[in-house]
Student: 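If you scroll down you'll find the structure; I have some questions about it.
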Amino acid sequence: MAAPTFLHCLLAIWLLSCAAHAQLSTTFYSASCPSLEAIVRTGMNKAVRNERRIGASLLRLFFHDCFVQGCDGSVLLDAGGEKQAAPNNGSIRGFGVVDAIKAGVEAACPGVVSCADILALTARDGTFLLGGPTWRVPLGRRDSTTASRALANANLPPPTADLSTLISLFRRQGLSPAEMTALSGAHTIGLAQCLNFNGRIYNDANIDPSFAALRRQTCPSSGNRNLAPIDVQTPGAFDAAYYRNLLAKRGLFHSDQALFNGGSEDALVRQYSASPALFRSDFAKAMIKMGNIHPLTGSAGEIRANCHVVNS
Ligand code: HEM
Ligand SMILES: *[C@@H]1O[C@H](CO)[C@@H](O)[C@H](O)[C@H]1NC(C)=O
């Protein structure tokens, strides 16, 4: 809440640092914007009723925000080229929903709530509205004044990644291999473009042949933007089918199947496939941890008036 004082910082020297370690809080806006969570929920309800996939798209948008400079709304900025980084260009979506919700929040509590926090809430609500777990979202992030295409290209995992690459990219963000395996369960919802999995369905050996044949029907080996569900069983429902698919060699991305290919995450994939309740609970915890990646707090950054642009 209150920015750390000089005295706090002196004390905190014992513990290494100050501003960078300021805590987020689930009650951050309870006095300054009590209607925030209701406004976001109403907006997300409307958006998901209009297009179910949007719940998945906002979950992914938050992930892509957090892995680049921390959860600071950088992915929402039009300048800086982050939106055009390879993992984002022609792929990330949901900006219109963030804008509509931000407009409602600004009308109720002008100048108070960051775009980064609104994005964190839309990811939680998108997950929940598609049948997933819910959790209290720690809040108090402020918005960046910069975005970075280079960091997005360097930090966001490609769908061609092997397990060692996935583990090291998540470790870089302070997330363990187990948390990476839980968070990857987000691929139980949403759609993907052919160009992100054509290599797998034409070249990989560890794939169920009938699943490969099914996906090849709408995805040529040269790749294009045709869409397919990431979870072949229940693409509109947040459940544990993603892990059951991996056991059956029906992971859509090379990186999905890398979690169950004779390596360190095999056991956890089996556990999640057998225990959806364990997956839901670990996913919620890992989302809170991911949401804690390098937030801007105190007087760092700003509260953007328009999520697309830095304040003038
Ligand atoms: C583990 C490494 C990961 C890789 C390599 C990866 C890669 C991808 C790719 C390539 C797509 C399809 C994009 C497109 O074709 O336009 C996708 C979609 C998606 N990803 Fe991931 N992802 C990873 C982790 C995550 C995490 C941690 C989350 C969230 C917690 C997430 C949530 C999603 C969702 C929900 C979609 C569907 C989005 C939509 O339908 O709009 N992914 N991912
Ligand atoms: C992003 O996609 C657009 C439209 O497909 C394309 O014209 C542009 O060159 C791409 N930008 C980058 C940096 O890849």
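Order of appearance sets the numbers: ligands from 1, and atoms from 1 within every ligand.
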Student: Answer yes or no: is there a donor N or O on one side and an acceptor on the other, between the side chain of Thr27 and the main chain of Ser30, under 3.5 Å?
Tutor: no
Student: So that I can tick it off, tell me whether Lys46 and Glu51 are bridged by a salt bridge, with the cut-off set at under 4.0 angstrom between side-chain N and carboxylate O.
Tutor: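 Lys46 and Glu51: not salt-bridged.
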Student: Mark up the atoms of ligand 1 that fall under 4.0 Å of a heavy atom belonging to Leu191, in ascending order.
Tutor: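 In order of numbering, the contacting atoms are 37 (C), 39 (C), 40 (O).
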Student: Taking all non-hydrogen atoms of both residues into account, name the closest pair between Glu302 and Asn311 and its distance.
Tutor: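 Scanning both residues, the minimum pair turns out to be OE2-N, 2.9 Å.
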Student: Could you tell me which atoms of ligand 1, counted from 1 in the order shown, lie closer than 4.0 angstrom to a heavy atom of Leu166?
Tutor: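 In order of numbering, the contacting atoms are 1 (C), 2 (C).
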Student: Starting from atom 13 (C) of ligand 1, find the nearest protein heavy-atom neighbour and note its residue, name and distance.
Tutor: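 Scanning the protein heavy atoms, the shortest distance from atom 13 (C) of ligand 1 goes to Ser91 OG, 3.3 Å.
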Student: How close do Leu252 and Arg200 get, heavy atom to heavy atom, and via which atoms?
Tutor: O-CD, 3.3 Å
Student: Give the minimum heavy-atom separation between Leu76 and Cys115, together with the two atoms involved.
Tutor: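 Closest pair (atom of Leu76, atom of Cys115, distance): CD1-CB, 3.7 Å.
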Student: Does a salt bridge link Glu179 with Lys289, judged by any charged N lying under 4.0 Å from a carboxylate O?
Tutor: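 Looking at Lys289 together with Glu179, the answer is yes, because their closest N to O distance falls below 4.0 Å.
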Student: Under 3.5 Å, which donor-acceptor pairs do the side chains of residues 32-40 form with other protein atoms, sequence neighbours left out?
Tutor:
residue, atom, partner, partner atom, Å
Glu37, OE1, Arg124, NH2, 2.9

Student: Report yes or no: do Gln233 and Asn245 form a side-chain donor-acceptor pair below 3.5 Å?
Tutor: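 There is such a pair (donor and acceptor under 3.5 Å, judged by atom type) between the side chains of Gln233 and Asn245.
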Student: Check salt bridge (Lys or Arg N to Asp or Glu O under 4.0 Å) between Asp125 and all other residues, then give those that pass, not counting sequence neighbours.
Tutor: Arg41
Student: Where's the contact between Ser255 and ligand 1, heavy-atom distance under 4.0 Å: side chain, backbone, both or neither?
Tutor: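 Ser255 to ligand 1: side-chain contact only, backbone stays beyond 4.0 Å.
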Student: Between Asp99 and His308, does any side-chain donor sit less than 3.5 Å from a side-chain acceptor?
Tutor: yes
Student: Which ligand 1 atoms are under 4.0 Å away from a heavy-atom of Pro158?
Tutor: 5 (C)
Student: Between Ala123 and Trp135, what is the shortest heavy-atom contact and its length?
Tutor: O-CH2, 4.5 Å
Student: Please list the nearest protein heavy atom to atom 39 (C) of ligand 1 with its residue and the distance rounded to 0.1 Å.
Tutor: Arg53 NE, 3.4 Å
Student: Taking only Lys NZ, Arg NE, NH1 and NH2, and the carboxylate oxygens of Asp or Glu, determine whether Asp72 and Arg142 approach each other closer than 4.0 Å.
Tutor: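 Answer for the salt bridge query: no.
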Student: Do the side-chain N and O atoms of Arg304 and Ser144 include a donor-acceptor pair separated by under 3.5 angstrom?
Tutor: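 The answer is yes; a qualifying pair exists.
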Student: Which residue owns the protein heavy atom closest to atom 35 (C) of ligand 1, what's the atom, and how far is it?
Tutor: Ala56 O, 3.2 Å
Student: Against ligand 1, does Ala161 come closer than 4.0 Å with any heavy atom?
Tutor: no
Student: Could you see which bit of Asn196 sits under 4.0 Å from ligand 1, with heavy atoms only: side chain, backbone, both or neither?
Tutor: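 Asn196 to ligand 1: side-chain contact only, backbone stays beyond 4.0 Å.
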Student: Could you tell me, for ligand 2, which of its N or O atoms are under 3.5 Å from any protein N or O, listing the pairs and their distances rounded to 0.1 Å?
Tutor:
residue, atom, partner, partner atom, Å
ligand 2, 2 (O), Asn89, OD1, 3.2
ligand 2, 2 (O), Asn89, ND2, 2.4
ligand 2, 11 (N), Asn89, ND2, 2.9
ligand 2, 14 (O), Asn89, ND2, 3.3

Student: Are a donor atom and an acceptor atom from the side chains of Asn226 and Thr218 found within less than 3.5 Å of each other?
Tutor: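 Short answer, no.
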Student: Phe170: heavy atom below 4.0 Å from ligand 1, yes or no?
Tutor: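 Flag set, Phe170 near ligand 1.
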Student: Take atom 21 (Fe) of ligand 1 as the centre and count protein N, O or S atoms at distances under 2.8 Å.
Tutor: 1
Student: Less than 3.5 Å between some nitrogen or oxygen of Ser57 and one of ligand 1, yes or no?
Tutor: yes
Student: If you look at every heavy atom in Ala186 and Leu59, which pair is closest and at what distance?
Tutor: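 Scanning both residues, the minimum pair turns out to be CB-CD2, 3.7 Å.
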